Novice: 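After the structure tokens below, expect a handful of questions from me.
For ligands, and for the atoms within them, numbers begin at 1 and follow the listed sequence. For clarity, every value in this text was computed on a predicted model and none was experimentally measured.
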Amino acid sequence: MATINNNYLKLKAGYLFPEIARRVNSFAQAHPEAPIIRLGIGDVTEPLPSACRQAMIQAVEDMGDRSTFKGYGPEQGYEWLREKIAIHDFQSRGCDIDASEIFISDGSKCDTGNILDIFGNDNTIAVTDPVYPVYVDTNVMAGHTGDINDKGEYTGLVYLPISAENNFTAQIPSQKVDLIYLCFPNNPTGATATKEHLTAWVEYAKANNSIIFFDAAYEAFITDPDIPHSIYEIEGARECAIEFRSFSKNAGFTGTRCALTVVPKTLTAKASDGSDVELWKLWNRRQSTKFNGVSYIVQRGAEAVYSEEGKSQTRALINFYMENAQIIRQELTNANLKVYGGVNAPYVWVQTPNGLSSWDFFDKLLHTCNVVGTPGSGFGAAGEGYFRISAFNSRENVLEAMKRIIDKL
Ligand SMILES: *Cc1c(COP(=O)(O)O)cnc(C)c1O
């Protein structure tokens, strides 16, 4: 008799985005004329940079000629892409990262989940609250947690609350944890970590032999020159951190799919016999066994991000979204709402007015303004009383949504 992975039964049944869809659909059915604007989902809206498109068109042509045709590529990604990433994203910022330590993949979502393959099942795991739900759910699936409680927390995980009280940067835990997920600039709060804050985490991780999973999916949105883009800008991070990056948000690759994971060769963790094992070797083995690389065409598209044109086009794309974020911040402040984020990240994190719950504010915004956002409580218990507005939309939609909020809320 076939049995299932029972851990899947512990998962909260796809709660946040399906519940948003349910409420929006029922409102739309009752008010078919309502001009609903969606500032909820964290997906990009603007087209791919032309440099990337041109490179992919050329790559398709390469595939049509026997002499330039490509079959299976290296599981780790093509050397020409990894070299460019190492130079432009890391070495240019003083990070000692070599191309051989970079693994190309089809997404950070899968990498942040798959990385658990190479770690033991007895680690203590810390996540921030609110959090990108993938970190939590993949640990539930792997059997690293108990059941969920009334507040939506799984037993067995260490939750580190982030809120206005601690400037949206988690307090370093007093207890020992083995694996720590950090995401800066943060989804959903839009918060960033200073060099001092990241240094405190690196020191904690080194003192406790912990590993930091650093998700830098939004690094390109940093505008403040003092904010680190990579954890490897911090001394000692090569001994304690894995970094995840993606082309999804900086170059609009959410539907094209390309990302990367950095596993420094200096990173080790303990085997059950007490010996130190290089994590790079395990991740390399994992990827070579379970993954066959990203399409040649897509990797050529990603490579074009580092050309002169690609750089200026992705910069323009990011600036466009960040102008949206600036407009959202300004207008919501004018509407007497307290806002956070949106300066170094494409998300504005709004404190709900008059002590409304996140879901009550969601309903109010939907019904009075026909604007959809994301309830903060959907990202974790400490997100209650907050609301996420995404800057990923057309200028027209952002202006119209803000006008309605000013006029009607
Ligand atoms: C969008 C996003 C990513 C990128 O995921 P992909 O699978 O590469 O598209 C990673 N982390 C966070 C927190 C995100 O919001």
Novice: Could you list which atoms of ligand 1 come closer than 4.0 Å to a heavy atom of S246?
Specialist: 4 (C), 6 (P), 8 (O)
Novice: Just distances here: any N/O of Y347 and N/O of ligand 1 closer than 3.5 Å?
Specialist: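 In fact, backbone or side chain, Y347 has no N or O that close.
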Novice: Name the orientation class of the two ring planes belonging to F103 and W280 (parallel below 30°, tilted from 30 to 60°, perpendicular beyond 60°).
Specialist: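 Ring orientation, 0 to 90° scale: tilted.
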Novice: Under 3.5 Å, is there a donor-acceptor pair linking the side chains of Q313 and S50?
Specialist: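 A donor-acceptor contact under 3.5 Å links the two side chains.
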Novice: When you measure from the heavy atoms of T254 to every atom of ligand 1, does any distance fall below 4.0 Å?
Specialist: no
Novice: Do me a favour and list the nearest non-hydrogen protein atom to atom 2 (C) of ligand 1 with residue, atom name and distance?
Specialist: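 Residue, atom and distance for the closest contact: K249 NZ, 2.6 Å.
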Novice: Any heavy atom of G42 sitting closer than 4.0 Å to ligand 1?
Specialist: no
Novice: Determine whether more than 12 heavy atoms belonging to other residues, nucleotides or ligands lie under 6.0 Å from atom CD of E79.
Specialist: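 Yes, the 6.0 Å shell around CD holds more than 12 heavy atoms from other groups.
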Novice: What atoms in ligand 1 come closer than 4.0 Å to a heavy atom of C183?
Specialist: 13 (C)
Novice: Identify which one of Y72, F69, Y78 satisfies the ring pair (Phe, Tyr, Trp, His ring centres under 6.0 Å) criterion when paired with Y296.
Specialist: Y78
Novice: May I ask you to test the I318-Y321 pair for a side-chain heavy-atom distance under 4.5 Å?
Specialist: no
Novice: Who's the nearest protein heavy-atom neighbour of atom 7 (O) of ligand 1, and how far?
Specialist: R257 NH2, 2.7 Å
Novice: Check the surroundings of atom CG in D224: do more than 12 heavy atoms from other residues, nucleotides or ligands lie under 6.0 Å from it?
Specialist: yes
Novice: Which atoms of ligand 1 are found less than 4.0 Å from any heavy atom of G107?
Specialist: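 This gives 7 (O), 8 (O) as the contact atoms.
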Novice: Considering non-hydrogen atoms of the protein only, which is the closest contact for atom 5 (O) of ligand 1, and what is the distance?
Specialist: K109 N, 3.7 Å
Novice: Checking contacts here: is it the side chain or the backbone of S108 that comes within 4.0 Å of ligand 1, counting heavy atoms only? Could be both or neither.
Specialist: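 The answer is both, backbone and side chain.
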Novice: Tell me, with the steps shown, if Y135 and F213 meet ring-ring contact (aromatic ring centres under 6.0 Å, His included).
Specialist: CA-CA 10 Å; Y135 313 152; F213 296 149; 8.5 Å; no
Novice: Which part of F244 is near ligand 1, with near meaning a heavy atom under 4.0 Å away: side chain, backbone, both or neither?
Specialist: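 Near ligand 1, F244 shows nothing, with every heavy atom at 4.0 Å or more.
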Novice: Judged by modelled atom types alone, do N139 and T145 share a side-chain donor-acceptor pair under 3.5 Å?
Specialist: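 There is no such pair (donor and acceptor under 3.5 Å, judged by atom type) between the side chains of N139 and T145.
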Novice: Starting from atom 11 (N) of ligand 1, find the nearest protein heavy-atom neighbour and note its residue, name and distance.
Specialist: D215 OD2, 2.7 Å
Novice: Look at ligand 1 and say whether Y218 reaches it with a heavy atom at a distance under 4.0 Å.
Specialist: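 The answer is yes: ligand 1 sits under 4.0 Å from a heavy atom of Y218.
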Novice: Check the angle between the aromatic planes of F253 and F247 and answer parallel, tilted or perpendicular using the 30° and 60° thresholds.
Specialist: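 F253 and F247: tilted rings.
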Novice: Give the numbers and elements of all ligand 1 atoms closer than 4.0 Å to a heavy atom of S248.
Specialist: 6 (P), 8 (O), 9 (O)
